[in-house]
Amino acid sequence: MITRKRLAAGVCGLLAAMTVALLPTPALAAGEPDADASPKVELTLDVSGSMRARDIDGQSRMAAAKQAFNEVLDAVPDDVQLGIRTLGANYRGEDRKVGCKDTRQLYPVGPLDRTEAKTAVATLTPTGWTPIGPALLGAADDLKGGDASRRIVLITDGEDTCAPLDPCQVARDIAAKGIHLTVDTLGLLPDAKTRNQLSCIAEATGGTYTSVEHTKQLRDRVHQLVDRAARPVATPVATQGAADCTGAPQLKPGLYSDREKFAEHRWYRVDVRPGQELRASVSVAADRAVNNDYGVLLRASTVHGREIVRGAEAGDGRTDVISSGLRYPKAPSDASDEDAPAAETVCLQVSNSFSAPASVKTDPGMPVELTVDLVDGPSDASDAAFFGLGHGWWLLITLALSGLVAGLLWGWISRWRVTVWRTN
């Protein structure tokens, strides 16, 4: 009898353990988002003394920012982890060294408690300096960890007052770490110097710059940027090209980011099987002052150095990003799957002809974004690449024959007209 009771108790215990193991974890059952997979945003607000100016819709710049923040906080998506950092909010003195350290996290990055966040914003009073560089470093540290998108939204009404720590160089250093952190900047009634500095910060990290003159404009733009973080685009994979094809990294189809110094050459390798077409494009961003007249080259060659195809583009300073691309269709093989030749290793070379004044820093290099795709090769004669027109030879022959036929036809018509005229 006792044995049967023990057996029954053991069976019940085993069933209970299996049931608990099969149940979802409490976090998943409650529908809570995975913290590592949730996008992160930190609103970084200038609270320096100049924010007292009353020139935005009849109220102070600080009041306009608070109003916009309250409305934005009400609309933050549930899956976004949001934090708030301030700069120039605490130190009222004249000691520049102390004032340039005045940045702190007002509300930690994480699941948003709207009431608590609004209460924290309500306590802010325009106070001190404008340490944009230290604030960016602090915000980048606040957003560490996780694989989801990360975004800093910087709102200020003036340029940094804490040189020589150049906020533009700080942004380049952040971008060079390959952590895919974007900085978007908003200037409240900015002057030319502020506009140039904020544009430079945004360009260095692939972000955007917006000039703001009204409260509604500020609210709508911040809301748009927070909402954009919840629906991020594809994130490039950080890679590092080599000085030659032999030591180049092997790339698969995807989006890649790298850094390239002025007039540098970088190499990458892609395997292309028979019947596939390689499509590659590259963009190089001039994230600092550069001289006019520059170009970018994307070249495909064999491992022995024979050029296959190239794409090149030139610029003269009217754009901040210059791009080029190429296509290489590899002929299909008639052999069976077992006897089919191995994939061909194609070497991709990315080169630029940028130059800059001696005062411009070249380290870290300029941002490079490389896209690699492998698709089924063309099998239809309607595809220009099928005839090799991408290499230019067939196009040249077609134009030459067309010109010859047109010339013969025009000569015959001219002789006929002269004959008719003489006859009459």
Side-chain angles (χ1 to χ4, degrees), residues 39-57 59-76 80 82-89 103 105-107 109 117 121 124 126 129-140 142-143 149-161 167-168 170-171 174-175 181-230 287 320:
K40 297 178 180 179
V41 179
E42 182 148 88
L43 306 180
T44 304
L45 179 62
D46 177 4
V47 196
S48 61
S50 59
M51 291 289 283
R52 298 191 191 99
R54 302 182 64 85
D55 51 9
I56 296 185
D57 299 333
Q59 59 184 339
S60 69
R61 299 174 182 179
M62 191 72 245
K66 287 182 178 181
Q67 180 182 337
F69 266 45
N70 285 337
E71 296 181 23
V72 167
L73 291 173
D74 284 332
V76 173
V80 172
L82 186 134
I84 302 173
R85 173 170 283 272
T86 61
L87 55 117
T103 176
Q105 193 174 41
L106 183 71
Y107 185 85
V109 177
V121 171
L124 297 176
W129 299 69
T130 313
I132 294 178
L136 290 176
L137 291 173
D142 297 339
L143 295 171
S149 65
R150 283 164 284 183
R151 187 178 295 270
I152 297 172
V153 180
L154 172 65
I155 303 161
T156 180
D157 68 338
E159 61 178 326
D160 182 271
T161 56
C168 197
V170 169
I174 290 173
L181 192 158
T182 302
V183 181
D184 297 290
T185 57
L186 291 86
L188 305 182
L189 301 170
D191 56 21
K193 288 185 177 179
T194 301
R195 183 165 51 251
N196 291 339
Q197 187 174 82
L198 295 181
S199 296
C200 180
I201 293 170
E203 290 168 3
T205 61
T208 60
Y209 163 73
T210 306
S211 180
V212 175
E213 298 181 359
H214 302 284
T215 305
K216 182 179 182 301
Q217 186 182 6
L218 175 61
R219 178 201 65 202
D220 291 347
R221 184 56 177 160
V222 175
H223 174 66
Q224 184 183 51
L225 293 171
V226 173
D227 199 49
R228 182 179 296 175
D287 63 346
D320 296 316

- Query: If we only count heavy atoms from C-beta on, is the Trp129 to Pro134 side-chain gap below 4.5 Å?
  - Reply: no
- Message: For Thr194 and Asp191: C-alpha separation, side-chain torsions, deciding distance, then whether side chain to side chain donor-acceptor pair (under 3.5 Å) applies.
- Response: CA-CA 5 Å; Thr194 301; Asp191 56 21; 2.8 Å; yes
- Message: For a quick test of reading the model, state the closest non-hydrogen atom pair linking Ala175 to Ala204 and the distance between them.
- Response: CB-O, 3.2 Å
- Query: Between Thr130 and Asp160, do the side chains contain an N or O donor and an N or O acceptor separated by less than 3.5 Å?
  - Reply: no
- Task: Evaluate the side-chain contact (heavy atoms from CB on, under 4.5 Å) criterion for residues Leu225 and Leu186: first the C-alpha distance (whole Å), next the side-chain angles of each, then the deciding distance (0.1 Å), finally the verdict.
- Result: CA-CA 11 Å; Leu225 293 171; Leu186 291 86; 3.9 Å; yes
- Looking at Gly88 and Pro131, what are the two nearest heavy atoms and their distance? N-CD, 4.0 Å
- Kindly indicate, with the supporting measurements, whether the criterion side-chain contact (heavy atoms from CB on, under 4.5 Å) is fulfilled by Tyr209 and Glu203. CA-CA 8 Å; Tyr209 163 73; Glu203 290 168 3; over 6 Å; no
- How long is the gap from OG on Ser149 to CZ on Arg228, to the nearest 0.5 Å? 11.0 Å
- Under 3.5 Å, is there a donor-acceptor pair between the side chain of Ser60 and the main chain of Ala63? yes
- Query: Taking C-beta and beyond as the side chain, do Asp157 and Ser48 meet within less than 4.5 Å on heavy atoms?
  - Reply: yes
- Partner set under side chain to side chain donor-acceptor pair (under 3.5 Å) for Asp55, not counting sequence neighbours: Arg61
- NZ on Lys66 to CG on Asn70, rounded to 0.5 Å: 9.0 Å
- side-chain contact (heavy atoms from CB on, under 4.5 Å), paired with Thr205, selected from Ile152, Val183, Leu136: Val183
- Message: Using modelled atom types and a 3.5 Å cut-off, is there a donor and acceptor pairing between side-chain atoms of Arg150 and backbone atoms of Leu181?
- Response: no
- Correct closest heavy-atom pair for Gly133 and Val170 would be O-CG1, 4.0 Å
- Is there a side-chain contact (heavy atoms from CB on, under 4.5 Å) between Val109 and Leu82 once you walk through the steps? CA-CA 5 Å; Val109 177; Leu82 186 134; over 6 Å; no
- Can you list every salt bridge (Lys or Arg N to Asp or Glu O under 4.0 Å) pair that touches residues 217-226, not counting sequence neighbours? Glu71-Arg219, Lys216-Asp220
- Closest non-hydrogen atom pair, Gly207 against Thr182: CA-CG2, 3.5 Å
- Do Val47 and Met62 have side chains that get closer than 4.5 Å, going by heavy atoms? yes
- Distance from Leu188 atom CG to His214 atom NE2, nearest 0.5 Å? 12.0 Å
- Query: Side-chain contact, heavy-atom cut-off 4.5 Å: Leu154 with Leu87?
  - Reply: yes
- Verify side chain to side chain donor-acceptor pair (under 3.5 Å) between Gln197 and Thr185, making sure each step is shown before the conclusion. CA-CA 10 Å; Gln197 187 174 82; Thr185 57; over 6 Å; no
- Task: Mind checking side chain to side chain donor-acceptor pair (under 3.5 Å) for Arg151 and listing every partner two or more places apart, or none if nothing turns up?
- Result: Asp184
- Taking only residues two or more places apart in sequence, or in another chain, which ones meet Asp46 in a salt bridge (charged side-chain N to carboxylate O under 4.0 Å, His left out)? none
- Message: Is there a side-chain contact between Phe69 and Ile155 in this structure, where contact means two heavy atoms from C-beta onward sitting under 4.5 Å apart?
- Response: yes
- CG-CD1 distance between Leu137 and Ile132, expressed to the nearest 0.5 angstrom: 12.0 Å
- Message: Glu213: which residues meet the side chain to side chain donor-acceptor pair (under 3.5 Å) condition with it, sequence neighbours left out?
- Response: none
- Item | side chain to side chain donor-acceptor pair (under 3.5 Å) partners of Thr103, counting only residues at least two apart | Arg85
- Task: Report yes if the side chains of Asn196 and Glu159 come closer than 4.5 Å at any heavy-atom pair, otherwise no.
- Result: no
- Gap separating the NE2 atom of His223 from the CG atom of Leu73, nearest 0.5 angstrom: 11.5 Å
- Closest contact, heavy atoms only, Ala140 versus Ile174: CB-CD1, 4.0 Å
- Query: When rounded to the nearest 0.5 angstrom, what distance separates OG1 in Thr208 from CG in Leu198?
  - Reply: 11.0 Å
